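In this chain, numbering begins with 1 at the start of the sequence shown. Source: prediction; values computed, not measured. When a ligand or atom number is given, it counts from 1 through the structure's own listing order.
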Amino acid sequence: MSFGVNVKGFLKDVKGVDRIVEARESKWANAPTTVNEANRRDPIRELADLLHPAAMRVRLVSVRDASPTAKTFRFVSEDGHIPVFQSGQYVNFRLKIGDSELTRPYSISSAPYEGRGEDGFFEITVRRNRPYLVPDWFFEQVSVGDVLDANLPFGSFYYEPLRDSKHVVALAGGSGIAPFCSLAKEVANGKLEKVELTILYGSVKADDIVLKDELEAVAAACDRVRVVHVLSDDPDWDGEKGFLTADLIKKYTPGPDDRGREATYLFCGPYLMWKAVKEALAELGVERRRFRCDVINNPADVTQLPGYPKGAEEKTYLIRVLRGIQEDVITAVGNEPVAVALERAGIKLDTHCRNGECGFCRSQLLSGDVFVSPVGDGRRLMDKEMGWFHPCSSWPLSDLTIKVPIL
Ligand SMILES: Cc1cc2nc3c(=O)[nH]c(=O)nc-3n(C[C@H](O)[C@H](O)[C@H](O)COP(=O)(O)OP(=O)(O)OC[C@H]3O[C@@H](n4cnc5c(N)ncnc54)[C@H](O)[C@@H]3O)c2cc1C
Ligand code: FES
């Protein structure tokens with residue numbers, strides 16, 4: 001069997017390594033000792049910065065309605081280009097609201113091809129079906145022309161041709177339609193060869209359907225995209241009614257693709273819907289590798305999480321926060337994650353997914369107890385044993401002493 005590696009024999013290979021070491025030493029010895037225009041460039045670093053800039057400023061260029069309760073915001077880069085992203089990835093906004101410095105992730109609802117070139121842009125679709133901190137701010141405080149701090153792309157929830165079937169069934173709820181709107185546009189634009197996308201989108205009433213017109217336009221233009229709305233409480237609706245049950249999912253699942261692969265299921269939606277869809281797919285005998293989910297948002301009410309010790313949510317705790325030599329003592333209410341307590345106190349924390357998965361907020365728990373959400377507990381085994389935790393997805397159960405990274 002060949003692994004594409006040219007093995008020349010043990011001694012020759014060791015000798016080869018020696019030669020590389022010699023070549024590197026010689027480069028070091030002859031490297032210029034001063035920096036000037038001729039030797040300042042590092043093409044690899046330049047390419048990496050281009051693909052994943054550490055920080056970006058984006059300018060809002062338009063806002064349009066995506067439903068009676070949702071709006072689509074279009075941004076261009078102030079720094080010249082939009083980094084390459086995939087349908088399903090998200091943008092992390094860094095915001096200052098009142099005294100709080102906070103971040104929020106939003107899935108990109110426009111297609112990757114729309115981000116390329118000189119006129120490239122990306123869009124997010126924000127839903128506000130009740131008072132929310134950041135959506136309220138987006139709806140009421142942000143105007144066309146404003147420049148925000150944002151970073152993209154993040155997340156590993158995207159279609160992967162090597163791993164996934166060409167027959168994709170997207171299961172969505174609420175604003176969870178955003179990544180699939182992006183994917184539908186990409187498929188319709190011919191960018192994902194032979195992919196057939198069926199979107200099953202659950203809403204309560206017809207008015208709750210987000211991006212309805214755009215989805216319809218894409219489906220009308222491309223016979224490889226199909227959108228099925230499923231409404232749980234709309235007597236006037238003459239399409240599918242109820243929830244995304246096993247029977248309904250089975251009804252709309254196509255057979256295997258041209259490589260014989262059974263359909264891949266992608267899910268993006270609220271916590272309770274995720275629980276129901278997981279059960280429905282288990283009932284259908286779908287293997288775990290064929291079912292992938294976006295970051296699942298922890299429910300706003302922590303007592304809904306299995307294992308949470310009821311009663312702790314009503315208490316107030318003290319958190320001693322260490323950052324290098326700086327020490328602060330802040331108060332935290334039991335029903336908010338530790339990260340929110342820090343943000344309310346104006347203490348910066350690097351958060352991206354805000355639901356335990358990405359590890360950007362990783363901090364040390366030096367004393368006290370926290371409840372860790374079982375939904376997206378992305379801590380490494382060693383971190384669990386060594387007392388590291390993710391404040392975005394941990395709630396205080398006692399007074400705490402924690403050490404957070406200095407930003
Ligand atoms: C990967 C990912 C993609 C997402 N994509 C989308 C999308 O496409 N569209 C969409 O609409 N949503 C999306 N979301 C959800 C989005 O990030 C927000 O969570 C959502 O818009 C609700 O806003 P909010 O968090 O401010 O809500 P809220 O529930 O109002 O606030 C969240 C937390 O902030 C706390 N808080 C309140 N006041 C303050 C204060 N002064 N300082 C600090 N904290 C305070 C609240 O107590 C609460 O704990 C996505 C989430 C994830 C994880
Ligand atoms: S922000 Fe992703 S784990 Fe906390």
**Request:** From the options Lys71, Glu343, Arg104, select the one whose nearest heavy atom is closest to atom 34 (O) of ligand 1.
**Result:** Arg104

**Prompt:** Quick one: nearest non-hydrogen protein atom to atom 2 (Fe) of ligand 2, plus distance?
**Reply:** Cys358 SG, 2.3 Å

**Message:** Does the residue Gly155 have a heavy-atom contact with ligand 1, meaning some pair of atoms that are separated by less than 4.0 Å?
**Reply:** no

**Request:** Would you mind telling me if ligand 1 is within reach of the side chain of Leu102, the backbone, both or neither, using heavy atoms under 4.0 Å?
**Result:** side chain

**Prompt:** Taking only heavy atoms of Glu336, which atoms of ligand 1 are found under 4.0 Å from at least one of them?
**Reply:** 46 (C), 47 (O)

**Asked** Distance only, no hydrogens: is a donor on one side chain within 3.5 Å (strictly under) of an acceptor on the other, for Asn151 and Asn92?
**Response** no

**Message:** What I want to find out is whether Lys251 reaches Glu240 closely enough, with some N-O distance under 4.0 Å, to be called a salt bridge.
**Reply:** yes

**Item:** Sub-4.0 Å heavy-atom contact, Ile124 with ligand 1
**Value:** no

**Request:** Pull out every atom of ligand 2 sitting under 4.0 Å from any heavy atom of Glu357, numbered as shown with elements.
**Result:** 3 (S)

**Item:** Residue among Arg292, Arg290, Arg261, Lys194 satisfying salt bridge (charged side-chain N to carboxylate O under 4.0 Å, His left out) with Asp164
**Value:** Arg292

**Item:** Region of Tyr90 engaging ligand 1 - heavy atom pairs below 4.0 Å
**Value:** side chain

**Message:** A side-chain contact here means heavy atoms from C-beta on lying under 4.5 Å apart; do Cys293 and Cys268 qualify?
**Reply:** no

**Item:** Geometric cation-pi criterion, Lys185 with Tyr113: 6.0 Å, 45°
**Value:** no

**Prompt:** Taking atom types as modelled, is there a side-chain donor on Asn298 or Ser373 under 3.5 Å from an acceptor on the other?
**Reply:** yes

**Option set Gly359, Ser394, Pro105, criterion heavy-atom distance to atom 3 (S) of ligand 2, minimum** = Gly359

**Message:** Against ligand 1, does Arg344 come closer than 4.0 Å with any heavy atom?
**Reply:** yes

**Asked** So, Cys353 and atom 2 (Fe) of ligand 2: N/O/S under 2.8 Å, yes or no?
**Response** yes

**Prompt:** atom 4 (Fe) of ligand 2 to Cys392: any N/O/S contact under 2.8 Å?
**Reply:** yes

**Prompt:** Do we see a donor-acceptor contact under 3.5 Å between the side chains of Asp247 and Thr245?
**Reply:** no

**Message:** When you measure from the heavy atoms of Gly356 to every atom of ligand 2, does any distance fall below 4.0 Å?
**Reply:** yes

**Cation-pi check, Arg74 onto Phe121 ring (under 6.0 Å, within 45° of axis)** = yes

**Message:** Looking at ligand 1, is there an atom of it that comes within less than 4.0 Å of some heavy atom belonging to Cys353?
**Reply:** yes

